[in-house]
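Take a look at the structure below.
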Amino acid sequence: MSNKRGFIALSPLFVFIVLYLVTSIIANDFYKVPITVAFMISSIYAVGISSGHALKKRIEIYSKGAGTNNLMLMLWIFVLAGAFAHSAKQMGAIDATVNLTLTCLPANMLMAGLFIASCFISLSIGTSVGTIVALVPIATGIASSTGIDLAFMTSIVVGGSFFGDNLSFISDTTIVATSTQGCRMSDKFRVNLFIALPAAILVLIIYVLLGSAVSTPTLIPKVEFIKIIPYLVVLLAAIFGMNVMAVLTLGIALTGIIGICDHSYDLYGWFKSMGDGILNMGELIIITMMAGGLLEIIRINGGIDFIISKLTRHVSSKRGAELSIASLVCLTDICTANNTVAILTIGGIAKQIGDKYGVDSRKSASILDTFSCFMQGLIPYGAQMLMAAGLASLNPIEILPTLYYPFALGIVALLAILFRYPKRYS
């Protein structure tokens, strides 16, 4: 593919970046340009510049991308998450959980405790989205009670959620990375741990230091333990491997039973709280669908293939091979907004590069997973960022500056390539 065609294929992504990021930075206000409008204009542009197909066919391609099986599954999770989060909030589950947290944890350990909880839960359930759904409402409640910045507390949960997404044996990214590179999960876990654990410890120390200035309220309301049950059951069910949609459905049912029995609301009030929660996810659902359609147009026009061909032209050493694998998965993740899909897209090419230059398959699997999670944590239109922003009623850009863990993970992973660490696998 020629450079001109390649850049044209990728140009819808540049249009989105200019419309949303650049103009918002110039205006010094990330609410100035609604992200939905940026995606709409970029999508219209993408359909318009696609050559070789009739307009009807181009719209069909866009619609296919907006309605893939994986994307529709994500949308159903958004719907259920919205219904659960809002009905739990109306029933008093968030307040009860926050009061319990404030009672059990000293003030200087609130940030560190939330990060540890995010890491543990994501490692147990293997999904960053599930962790965010469970913990962001609690983080918002703690922020409200203590005066800690809401975006900062949300970023703690998002960062910790990527720890488990990267390491868990049941994570989609782990399964795809190991299967495409032909290595065992346990071996990939060992390599990954050398990278992820130092990054997590560094970030944990930062949260302990920052938490020293936090003070909890002097009068903490009495903990209503019965209202904690929905969150407790959701967390335990997820840890034991129940499907995330089944987990959320169970949580919704429990909020209704407890809320009605406790007179927090009647049947119609429960229905209304669920409806309001679903409506709150409306913008998130629209963004996700438009992003899927836009990225499908880029893929069909050869944008991803262009990136892959350009990055693999000048590889000549093992270090260069590892850097090219890392760059490929990062750029592909930018174009797909899904770390699992990014690994699937370039997994076979990464295996060929690794075999040609003698890269250990365990190291290449670790690079694929680690860098995909690093990049997924930095794109404002990724599912995790959109979900967290939606639950906390924030703009995704507000969360980005304090996402310490993804930044630390990316830096440690890059150093591991440059300095051939861990030696045994390099």
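Positions are given from 1, in the same order as the sequence printed here.
Annotation: salt bridge (charged side-chain N to carboxylate O under 4.0 Å, His left out) contacts of Arg184 (sequence neighbours excluded): Asp187. Residues satisfying the ring-ring contact (aromatic ring centres under 6.0 Å, His included) criterion with Phe84, sequence neighbours excluded, are Tyr231. A search for side chain to side chain donor-acceptor pair (under 3.5 Å) contacts involving Thr340 returns nothing, not counting sequence neighbours. Under the salt bridge (charged side-chain N to carboxylate O under 4.0 Å, His left out) criterion, Asp149 pairs with no residue, sequence neighbours left out. Residues meeting the side-chain contact (heavy atoms from CB on, under 4.5 Å) test with Ala139, sequence neighbours left out: Leu114, Met153, Val157. With sequence neighbours excluded, the residues satisfying side chain to side chain donor-acceptor pair (under 3.5 Å) with Ser155 are Thr402. Not counting sequence neighbours, the partners of Phe16 by the ring-ring contact (aromatic ring centres under 6.0 Å, His included) test are Tyr20, Phe39, Tyr381. Residues meeting the salt bridge (charged side-chain N to carboxylate O under 4.0 Å, His left out) test with Lys351, sequence neighbours left out: Asp355.
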Per-pair distances, 0.1 Å, donor-acceptor, side chain in residues 191-208, under 3.5 Å, sequence neighbours excluded:
from	atom 1	to	atom 2	distance (Å)
Asn192	OD1	Asn166	ND2	3.3
Asn192	OD1	Lys188	NZ	2.7
Asn192	ND2	Asn166	OD1	3.4
Asn192	ND2	Ser366	OG	3.2
Asn192	ND2	Thr370	OG1	2.7

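Within the structure, salt bridge (charged side-chain N to carboxylate O under 4.0 Å, His left out) pairs that include any residue of residues 37-59 do not occur (at least two apart or interchain). Residue pairs meeting the side-chain hydrogen bond (donor to acceptor under 3.5 Å, both in side chains) criterion with at least one partner in residues 74-84, sequence neighbours excluded, are absent. Pairs engaging residues 292-304 under the salt bridge (charged side-chain N to carboxylate O under 4.0 Å, His left out) rule: Glu296-Arg299 [sequence neighbours left out].
Within the 3.5 Å criterion, the main-chain N or O of Ile59 finds a donor-acceptor partner in the side chain of Ser63.
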